Asks: 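Pasting in a structure now, in structure tokens, and then I'll have a few things to ask.
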Amino acid sequence: MAKSEKHKLAQTLIDSVNEIASISDHRAPMKKHCSNLSRRLMLLLPMLEEIRDNCEESTIPDQVVTALLSLKESLVPAKDLLAFVSQVSKIYLVLERDQVMVKFQKVTALLEQALSGIPYENLEISDELKEQVELVLIQLRREIGRGGDAYDDELYRDVMSLYNDTGSVTDSDMLRRVAVKLQLMTITDLTQESLALLDMVSLSDGDPGDSFEKMSMVLKRIKDFVQTDNPNLDDAPMRLKSPLQKAQDGDLNLPILPEDFRCPISLELMNDPVIVSSGQTYERECIKKWLEGGHLTCPKTQETLTSDTVTPNYALRSLIAQWSQWCESNGIEPPKRPNNSQPSSKASSSSSTSADEHNKIEELLTKLTSQHPEDQRSAAGEIRLLAKQNNHNRVAIAASGAIPLLVNLLTVSSDSRIQEHAVTSILNLSICQENKERIVYSCGAIPGIVHVLRKGSMEARENAAATLFSLSVIDENKVAIGTAGAIPPLVTLLSEGSQRGKKDAATALFNLCIYQGNKGKAVRAGLVPVIMRLLTETASGMVDEALAILAIISSHPDGKMVAGAADAVHVMVDFIRSGSPRNKENAAAVLVHLCSWDQQHLIEAQKLGIMSLLIEMAENGTDREKRKAAQLLNRFSRFNDQQKQSGLGVEDQISLI
């Protein structure tokens with residue numbers, strides 16, 4: 001197999017694991033099994049990335065390729081199983097627990113067999129990664145041996161009792177247990193379960209048999225219990241007010257809108273839902289505006305649409321109508337649906353955005369979809385300013401569906417000012433915590449942000465780096481940003497950017513390198529030489545940031561090797577001698593990593609007179625300084641003992657250098 005094909009195979013494995021990890025709707029009865037499987041596969045990513053990156057530099061034996069092909073095949077049923085469990089009825093998962101657990105056992109056995117067949121001794125990966133994979137193997141084997149030990153027998157008995165009971169009287173304690181354990185406690189939960197049961201009807205060609213009728217009856221009893229007996233329950237989340245959320249003005253009369261009922265563009269309750277060729281559902285008027293603006297992709301998935309034809313989603317429209325009826329019958333005012341006729345000039349009293357504000361935002365969105373660059377530029381600039389002002393604006397702008405339009409401009413527009421305004425608007429919108437996930441996953445913004453980071457003007461690159469820092473606050477985003485190739489252009493900006501650009505790049509790199517899988521990427525992107533240069537250029541004003549980053553990446557095997565070869569020991573001893581308390585802490589942390597990797601660094605540090613500095617730090621330093629100094633002194637002590645036993649002291653070692 002050619003090197004390019006081996007590289008492609010490794011990348012395919014990485015993509016497969018990321019796709020599996022993206023399946024996050026783990027249903028309550030099987031949540032633990034799904035989470036464990038997904039988490040264990042995620043632990044394989046650093047190894048797969050190392051294999052992919054080594055394809056161009058070294059030969060991958062055919063034996064390894066065969067084993068990786070086996071792993072690729074074993075990931076297919078794993079992905080299919082998690083996708084199935086995330087979509088199927090929770091009640092079904094309980095009733096068919098034995099059948100579902102057999103599938104988990106088969107998938108686990110296939111993965112264990114594939115991983116066991118990889119000849120790790122033929123792979124050029126670090127000992128840390130080998131230990132990590134060994135841990136995954138141990139966990140998989142333990143899971144195989146455990147079998148069905150993780151069953152919730154009480155839940156199974158309760159659901160079976162409801163399933164087989166044809167009477168009208170059911171134990172309320174039993175219903176309470178089932179509703180809590182299956183997380184069917186709100187109208188949203190119950191609606192999603194109804195949708196899952198309807199999907200089962202579709203898959204059975206409209207003839208699901210008696211089992212569907214019985215499962216529907218179980219759900220009806222749970223729903224009736226939640227709606228009628230809730231006032232007598234002690235469990236607060238199950239009270240009737242659980243479908244309500246408190247608005248910013250303190251109004252408790254607003255129901256929580258099920259996510260499936262929202263248009264992905266406007267984020268409002270859909271009135272006329274339609275399906276596009278990508279399979280996504282939108283409000284008819286919203287997707288019509290999108291298509292009329294000349295867009296050829298699905299706003300949510302960015303998939304190219306094969307047709308501009310839309311199909312009414314009658315099933316979803318019916319469910320929305322049922323949900324609205326339920327709200328009204330319980331004295332709850334449902335959210336207003338979009339009115340496709342002329343909008344009223346009088347704003348709703350419960351709306352958090354005035355009619356004038358809403359109209360202003362709509363006007364800006366229209367300009368964003370214009371074919372005229374001057375309209376796009378002015379609209380993106382205004383949104384940038386509005387999003388900077390306050391959180392109210394950030395919420396309103398995001399809710400209007402502006403983010404997909406801004407993301408589109410990052411790559412479609414060649415105008416540097418439009419790119420700059422668009423990426424800065426996304427930066428300002430990301431300050432709102434609830435917008436971060438929407439930007440990354442709902443709108444797929446990271447590739448566009450990385451594009452601007454590579455190709456944009458200096459100010460656009462600075463703000464792109466700041467955006468990645470803002471988004472990387474969420475741990476899951478660190479993985480996505482690193483996978484999208486953001487680290488090399490961040491290193492370039494740290495090396496060549498303006499002072500502000502270097503600061504933005506440094507903070508983003510620091511955050512991203514907290515994730516182990518990104519450390520190797522940073523080292524291979526040339527981060528260590530850049531850091532060492534910044535440490536020796538005191539006028540750069542980047543010493544604090546550079547040392548903090550080096551303290552993180554020097555824990556990686558590649559980071560230790562490159563930093564050690566770059567004379568880092570000498571520089572670290574100088575910082576311990578005369579640096580600020582924070583810099584002393586980080587310098588000592590770097591030395592702990594380097595000296596644990598290569599004893600020659602201990603000898604070099606001893607020669608530079610570090611012992612007296614460490615003793616002083618251990619006695620009078622900050623808490624972290626004391627810990628790091630104690631670690632280094634302990635390592636020196638053990639090293640001296642070893643040398644005495646061999647008849648060669650540290651001083652003798654130094655004389656040989």
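Computed from a predicted structure; not experimentally measured. What you see below is based on every heavy atom in this structure, not just the backbone, and it leaves out hydrogens, waters and symmetry mates.
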Asks: Under 6.0 Å from the CD atom of Glu437, do we count more than 12 heavy atoms belonging to anything else shown?
Replies: no

Asks: Output yes when Arg500 and Glu462 qualify as a salt bridge under the 4.0 Å nitrogen-oxygen rule, no when they do not.
Replies: yes

Asks: Within a strict 4.5 Å, meaning less than it, do heavy atoms of the Phe510 and Ile552 side chains meet?
Replies: yes

Asks: Under a 3.5 Å distance rule, please check whether Asn393 uses its side chain to pair with a backbone N or O of Gln389 as donor and acceptor.
Replies: no

Asks: Would you confirm whether Ser35, through its side chain, and Lys31, through its main-chain N or O, come within 3.5 Å as a donor-acceptor pair?
Replies: yes

Asks: Report the C-alpha distance between Leu494 and Leu527 in whole Å, list the side-chain angles of each, state the deciding distance to 0.1 Å, and finish with yes or no for side chain to side chain contact (heavy atoms under 4.5 Å, CB included).
Replies: CA-CA 9 Å; Leu494 179 64; Leu527 179 57; 3.6 Å; yes

Asks: Measuring only between side-chain heavy atoms, which start at C-beta, is Lys367 closer than 4.5 Å to Ser378?
Replies: yes

Asks: Enter the distance from Met270:CE to Ile265:CD1 here, rounded to the nearest 0.5 Å.
Replies: 10.0 Å

Asks: Do other residues, nucleotides or ligands put more than 12 heavy atoms under 6.0 Å from the NZ atom of Lys181?
Replies: yes

Asks: I need the Phe84 CZ to Met30 CE distance, nearest 0.5 Å.
Replies: 9.5 Å

Asks: I'd like to know if the side chain of Asn463 reaches the main chain of Val423, judged simply by a donor and an acceptor atom lying under 3.5 Å from each other, with no hydrogens or angles considered.
Replies: no

Asks: Quick one: does Thr366's side chain have a donor or acceptor within less than 3.5 Å of a partner on Glu362's backbone?
Replies: yes

Asks: For Ser555, enumerate each residue passing the side chain to side chain donor-acceptor pair (under 3.5 Å) test, keeping only those at least two apart in sequence or located in another chain.
Replies: Lys519

Asks: When rounded to the nearest 0.5 angstrom, what distance separates CD1 in Ile553 from CD in Gln516?
Replies: 11.5 Å

Asks: At their closest point, which heavy atom of Leu534 faces which heavy atom of Ala546, and how far apart are they?
Replies: CB-CB, 4.2 Å

Asks: Under 4.5 Å between any side-chain heavy atoms of Val17 and Leu45, yes or no?
Replies: yes

Asks: Using atom types as modelled and distance alone, determine if a side-chain donor or acceptor of Ser470 lies under 3.5 Å from a backbone N or O of Ala466.
Replies: no

Asks: Are any side-chain N or O atoms of Lys90 and backbone N or O atoms of Leu182, one a donor and one an acceptor, separated by less than 3.5 Å?
Replies: yes

Asks: Do Glu193 and Ser89 pair up side chain to side chain, a donor and an acceptor below 3.5 Å, judged on atom types alone?
Replies: yes

Asks: Evaluate the criterion side chain to side chain contact (heavy atoms under 4.5 Å, CB included) for residue pair Leu364 and Ile397; output intermediate values, then yes/no.
Replies: CA-CA 10 Å; Leu364 292 174; Ile397 291 168; over 6 Å; no

Asks: Looking only at non-hydrogen atoms, find the nearest pair between Ala398 and Arg438 and report the distance.
Replies: CB-NH1, 2.9 Å

Asks: Mind checking the CG-NE2 spacing from Asn428 to His421? Nearest 0.5 Å is all I need.
Replies: 12.0 Å

Asks: Run the salt-bridge test on Glu420 and Arg384 with the 4.0 Å N-O cut-off and return the result as yes or no.
Replies: yes

Asks: Between the side chains of Ser580 and Asn583, is a donor N or O closer than 3.5 angstrom to an acceptor N or O?
Replies: yes

Asks: For Ile431, is there any backbone N or O sitting under 3.5 Å from a side-chain donor or acceptor partner on Arg394?
Replies: no

Asks: If only side-chain N and O atoms count, and only distance matters, is there a donor-acceptor pair under 3.5 Å linking Glu363 with Asn359?
Replies: no

Asks: Output yes when Glu49 and Arg52 qualify as a salt bridge under the 4.0 Å nitrogen-oxygen rule, no when they do not.
Replies: no

Asks: Write down the atom of Pro373, the atom of Ile418, and the distance for their closest heavy-atom approach.
Replies: O-CD1, 3.5 Å

Asks: Given side-chain hydrogen bond (donor to acceptor under 3.5 Å, both in side chains), test Ser16 with Lys79 step by step and report yes or no.
Replies: CA-CA 8 Å; Ser16 296; Lys79 178 185 174 183; over 6 Å; no

Asks: What residue among Asn477, Asn435, Leu427 forms side-chain contact (heavy atoms from CB on, under 4.5 Å) with Leu471?
Replies: Asn477

Asks: Is it true that Arg377 and Asp415 have a side-chain N and a carboxylate O under 4.0 angstrom from each other?
Replies: yes

Asks: Looking only at non-hydrogen atoms, find the nearest pair between Gly497 and Met458 and report the distance.
Replies: CA-CE, 3.9 Å

Asks: Any ion pair linking Asp272 and Arg284 (charged N to carboxylate O, less than 4.0 Å)?
Replies: yes

Asks: So, the side chain of Asn586 versus the backbone of Ala551: is there a donor-acceptor pair under 3.5 Å, distance only?
Replies: no

Asks: Out of curiosity, Leu44 CG to Ile14 CD1, how far, rounded to the nearest 0.5 Å?
Replies: 11.0 Å

Asks: Going by an N to O cut-off under 4.0 Å, is there a salt bridge joining Lys289 and Glu283?
Replies: no

Asks: Show the nearest heavy-atom pair for residues Val473 and Asn511, with the distance to one decimal.
Replies: N-ND2, 3.8 Å

Asks: With no hydrogens and no angle check, do the side chains of Gln376 and Ser413 hold a donor and an acceptor under 3.5 Å apart?
Replies: no

Asks: Taking the side chain from Lys478 and the backbone from Ser472, do they hold a donor-acceptor pair closer than 3.5 Å?
Replies: yes

Asks: With side chain to side chain contact (heavy atoms under 4.5 Å, CB included) as the criterion, how do Ile449 and Leu453 come out once you've worked through the C-alpha distance, each side chain's angles and the decisive distance to 0.1 Å?
Replies: CA-CA 6 Å; Ile449 297 170; Leu453 183 63; 5.6 Å; no

Asks: Enter the distance from Ile222:CD1 to Leu184:CG here, rounded to the nearest 0.5 Å.
Replies: 5.5 Å

Asks: Taking Lys503's backbone N and O only, do any of them form a donor-acceptor pair with Thr507's side chain (distance below 3.5 Å, no angle check)?
Replies: yes

